[in-house]
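Just so you know, ligand 1 is whichever comes first in the structure, and atom 1 is the first atom listed for that ligand.
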Amino acid sequence: MAPITVKKICCIGAGYVGGPTCAVIAVKCPNIQVTIVDLNQARIDAWNSDNLPIYEPGLDEVVKSARGKNLFFSTDVDKGILEADLIFVSVNTPTKKSGIGAGFAADLKFLQLATRRIAEVATSSKIVVEKSTVPCRTADAMRTILEANSKPGCHFDILSNPEFLAEGTAIADLFKPDRVLIGSLQTEQGKDACEALKNVYANWVPKEQILTVGLWSSELSKLAANAMLAQRISSVNALSAICEATGANIDEVAYAVGKDTRVGSKFLKASVGFGGSCFQKDILNLVYLSESLHLPEVAKYWRAVVEMNEHQKERFARKVVDTLFNTITGKKIAILGWAFKKDTGDTRESPSITIANHFLTEKARITVYDPQVTQDQIWLDLTNYGDIPADPIKEHLTICQSAEEACANAEAIVVCTEWDEFKQLDWKKIYAKCPRPAFVFDGRLMLNRKELTDIGFQVITIGTGDRV
Ligand SMILES: NC(=O)c1ccc[n+]([C@@H]2O[C@H](COP(=O)([O-])OP(=O)(O)OC[C@H]3O[C@@H](n4cnc5c(N)ncnc54)[C@H](O)[C@@H]3O)[C@@H](O)[C@H]2O)c1
Ligand SMILES: O=c1ccn([C@@H]2O[C@H](COP(=O)(O)OP(=O)(O)O[C@H]3O[C@H](CO)[C@@H](O)[C@H](O)[C@H]3O)[C@@H](O)[C@H]2O)c(=O)[nH]1
């Protein structure tokens, strides 16, 4: 058979993955027409405006350089499907909230709706690519849906092509990925489809970094990669508790351990806990998969990674209360950073939400500052999180326009996100406006402890025992 040349790509889902990923494909493959479609009109309007719906360094330039040329954003899902030879399905796959597997399994309703739509609308054969993170063997279900609903003469090849970008560095990750992973059935047709997608990436990714494997290995590798990355963080966070109790220093321990090339130095930064839309969801998904496969010990092993993360957030919040002489009722606490990590406006599963909720339960007065997160998002995160009604939240929490404003008169300053600008603050000026003793809780091990201590702050850092 002649090799398949991809000329038109459609991406269903214009989110944190679909948007940046397919914008980069458009920039790197000027001969391919890329259309990103979504049911959410506001999101598509934002992609077509100067105010993109997500904050990601370098994304503006990428989108602006291709939009209107070979990159298009639209709510016309059917047209996108009809015209494309290759379709990425990049819709959300959140944790199920109800029914069988609630709290663990991935909710595949968006993926299944998109797949059904492809089958119903397509009038020619397509390559359908799972870009969303899905449980192992989801491609089987997609194939059944596609075959049961397709028109005569339409054939669908399904590929798995999980995305490994991290938010905040998405564009750099997409320009220079560690690897691109493509899974296919090991049939002639499956391999041809795989080759077609490989040729798209080969426009900018060295061929030896494009890994081609079986479908199920590809699907599982994505869950495995996230589970192992998160496991490193939970391991280092577990060690941070031992450091605090012994006087060891977690940065020194992580440095010494990471120098062993078998361990490696990345992803060993202790923190208030990992957040983001992926780690927890994907590990719980793996836990559910293990349980479904009658592997309870395996499930228990991975569940512990999430449990340790919950413990870390709780432990940090409790430490603030303990340090402030066992009560924070009525005390003013400033939270610096709301996003789940720096350089993103994304707050999904952000530790700040859990920590703020803890402080609200203790009836503290809270101020929050984040350079990228909107006020509406902060209110939404808190009202959706726990059982505290909106009115008391609004009464006890103020959202500020600057770190200085948030810190004024605060009895404790709690750093939850490692935004670079927090290092550059005029800490002397801030100290002058704080009641004494003035506490800084560094949940990211990012501030200059000596400098702050010299100014007069009591500095409490994750993973260091000696309060200076
Ligand atoms: N966010 C990340 O950094 C990241 C990285 C790698 C993989 N992933 C995975 O990629 C997938 C997408 O994640 P995301 O963060 O981009 O999600 P997202 O919620 O930002 O975007 C998903 C988009 O899909 C749209 N959508 C849902 N159903 C649709 C349908 N039937 N037709 C058209 N549009 C539809 C939604 O409106 C939404 O805009 C998930 O499976 C996630 O686990 C995410
Ligand atoms: O040493 C570290 C590294 C990260 N984190 C935290 O871990 C979370 C996740 O960070 P990161 O992995 O950098 O961001 P994500 O955008 O969630 O990316 C992860 O999840 C994506 C979605 O599946 C994958 O594609 C990426 O490869 C994977 O890194 C954040 O809260 C970080 O602050 C730490 O606490 N310590």
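Of all the heavy atoms of T344, none lies under 4.0 Å from any atom of ligand 2, so neither backbone nor side chain is involved. Contacts between E130 and ligand 1, counted as non-hydrogen atom pairs separated by less than 4.0 Å, are absent for every part of the residue. At a heavy-atom distance under 4.0 Å, no atom of K281 approaches ligand 2. By the criterion of a heavy-atom distance under 4.0 Å, the backbone of L165, and not its side chain, is placed next to ligand 2. Looking at C278 against ligand 1, only its side chain comes within 4.0 Å, counting heavy atoms. Contacts of P162 with ligand 1, taken as heavy-atom pairs under 4.0 Å, are absent altogether. When non-hydrogen atoms are compared, ligand 1 lies under 4.0 Å from the side chain of I12 (C-beta onward) but not from its backbone. Neither the backbone nor the side chain of D346 has any atom closer than 4.0 Å to an atom of ligand 1 (non-hydrogen atoms only).
Summary of contacts: the protein heavy atom closest to atom 44 (C) of ligand 1 is V17 CG2, 3.1 Å. Scanning the protein heavy atoms around atom 7 (C) of ligand 1, the nearest turns out to be T133 OG1, 3.5 Å. With hydrogens left out, the protein atom closest to atom 27 (C) of ligand 1 is N92 OD1, 3.3 Å, a heavy atom. Nearest protein heavy-atom contact of atom 35 (O) of ligand 2 is S271 OG, 2.6 Å. Given atom 11 (P) of ligand 2, the protein heavy atom at minimum distance is K341 NZ, 3.6 Å. Of all protein heavy atoms, the one closest to atom 41 (O) of ligand 1 is T93 OG1, 2.5 Å. The protein heavy-atom contact nearest to atom 2 (C) of ligand 1 is E167 OE2, 3.4 Å. For atom 14 (P) of ligand 1, the nearest non-hydrogen atom of the protein is Y16 N, 3.9 Å. Nearest protein heavy-atom contact of atom 16 (O) of ligand 2 is E167 N, 2.8 Å. At the shortest separation from atom 11 (C) of ligand 1 among protein heavy atoms lies V91 O, 3.3 Å. The single protein non-hydrogen atom nearest to atom 32 (C) of ligand 2 is R444 NH1, 3.9 Å, given as residue, atom name and distance. Here the heavy atom of the protein found nearest to atom 24 (O) of ligand 1 is G13 CA, 3.4 Å. With respect to atom 2 (C) of ligand 2, the closest heavy atom belonging to the protein is K269 O, 3.7 Å.
In terms of polar-atom proximity, E163 is not counted as a contact of ligand 1, lacking any N or O under 3.5 Å from an N or O of the ligand. Where the criterion is an N or O separation shorter than 3.5 Å, residue side chain and backbone included, T133 fails it with respect to ligand 2. For ligand 2, the polar-atom distance check against F164 finds a nitrogen or oxygen pair separated by under 3.5 Å. Checked against a 3.5 angstrom limit, the closest N/O atoms of D38 and ligand 1 fall inside it. For a threshold of 3.5 Å applied to N or O pairs, the pair formed by D282 and ligand 1 contains no separation below that value. At under 3.5 Å, not a single nitrogen or oxygen of A270, backbone or side chain, sits near a nitrogen or oxygen of ligand 2. Ligand 2 has a nitrogen or oxygen under 3.5 angstrom from a nitrogen or oxygen of K222. Checked by distance only, ligand 1 and R43 come closer than 3.5 Å through their nitrogen or oxygen atoms.
Selection from R348, R116, K109, K281 by nearest heavy atom to atom 15 (O) of ligand 1 gives R348. Which of S132, G15, A14, C11 comes nearest to atom 21 (O) of ligand 1 through a heavy atom is settled by distance: it is G15. Across the listed options Y16, F267, F340, F279, F340 owns the non-hydrogen atom lying nearest to atom 15 (P) of ligand 2. Which of T169, I233, N226, D346 comes nearest to atom 4 (C) of ligand 2 through a heavy atom is settled by distance: it is I233. Ranked by closest heavy atom to atom 8 (C) of ligand 2, the top entry among G275, C278, G276 is G275.
Put simply, the residue from P351, C416, S271 that forms a side-chain contact (heavy atoms from CB on, under 4.5 Å) with K313 is P351.
Side-chain contact between T138 and S160 is absent, with no heavy atoms from C-beta onward closer than 4.5 Å. At a threshold of 4.5 Å between non-hydrogen side-chain atoms, the residues R348 and E167 count as touching. Contact annotation: the side chain of N285 never approaches that of T95 to less than 4.5 Å [non-hydrogen atoms, C-beta and beyond]. Inter-residue side-chain proximity for I54 and D346 is flagged as unmet; no heavy-atom pair is nearer than 4.5 Å. Residues W216 and R137 form a side-chain contact, since some pair of their non-hydrogen atoms from C-beta on lies under 4.5 Å apart. Put simply, the side chain of I87 reaches to within 4.5 Å of the side chain of I81, judged on heavy atoms. For the pair K8/N70, no side-chain contact is recorded, criterion being any heavy-atom separation below 4.5 Å from C-beta on. Within the 4.5 Å cutoff, the side chain of D442 has no heavy atoms near those of the T464 side chain.
Note that K28 lies in the cation-pi zone of F175, set by a 6.0 Å cut-off to the ring centre and a 45° limit from the axis.
Side-chain atoms of D45 and Q41 include a donor-acceptor pair closer than 3.5 Å. W338 and D381 are linked by a side-chain donor-acceptor pair at a separation below 3.5 angstrom, with hydrogens and angles left out of the test. Side-chain polar atoms of S240 and Q312 form a donor-acceptor pair below 3.5 angstrom.
Of all atoms in ligand 1, numbered sequentially from 1 with element shown, those under 4.0 Å from a heavy atom of L165 are 3 (O), 5 (C). Which parts of ligand 1 touch S277 is read off a 4.0 Å heavy-atom cut-off, strictly below it: atoms 1 (N). Those atoms of ligand 1 with a heavy atom of K222 less than 4.0 angstrom away are 6 (C).
Between D322 and K319, no side-chain nitrogen of the basic residue sits less than 4.0 Å from a carboxylate oxygen of the acidic one, so the salt-bridge criterion is not met. A salt bridge between R315 and E244 is present, with a side-chain N of the basic residue lying under 4.0 Å from a carboxylate O of the acidic one.
Side chain of D282 to backbone of K222: no donor-acceptor contact under 3.5 angstrom is found.
Taking the six-membered ring where tryptophan is involved, the planes of W419 and Y55 are tilted, since the angle between them lies from 30° to 60°.
K126 approaches L82 most closely through the heavy-atom pair NZ-O, 2.9 Å.
Remark: distances from the non-hydrogen atoms of R117 to ligand 1 are all 4.0 Å or more.
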Q: Please assess Q231 against Y301 for the test side-chain hydrogen bond (donor to acceptor under 3.5 Å, both in side chains), listing each intermediate value before the final yes or no.
A: CA-CA 10 Å; Q231 182 204 47; Y301 175 78; 2.5 Å; yes
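A 6.0 Å sphere centred on CG of D260 holds more than 12 heavy atoms belonging to other residues, nucleotides or ligands.
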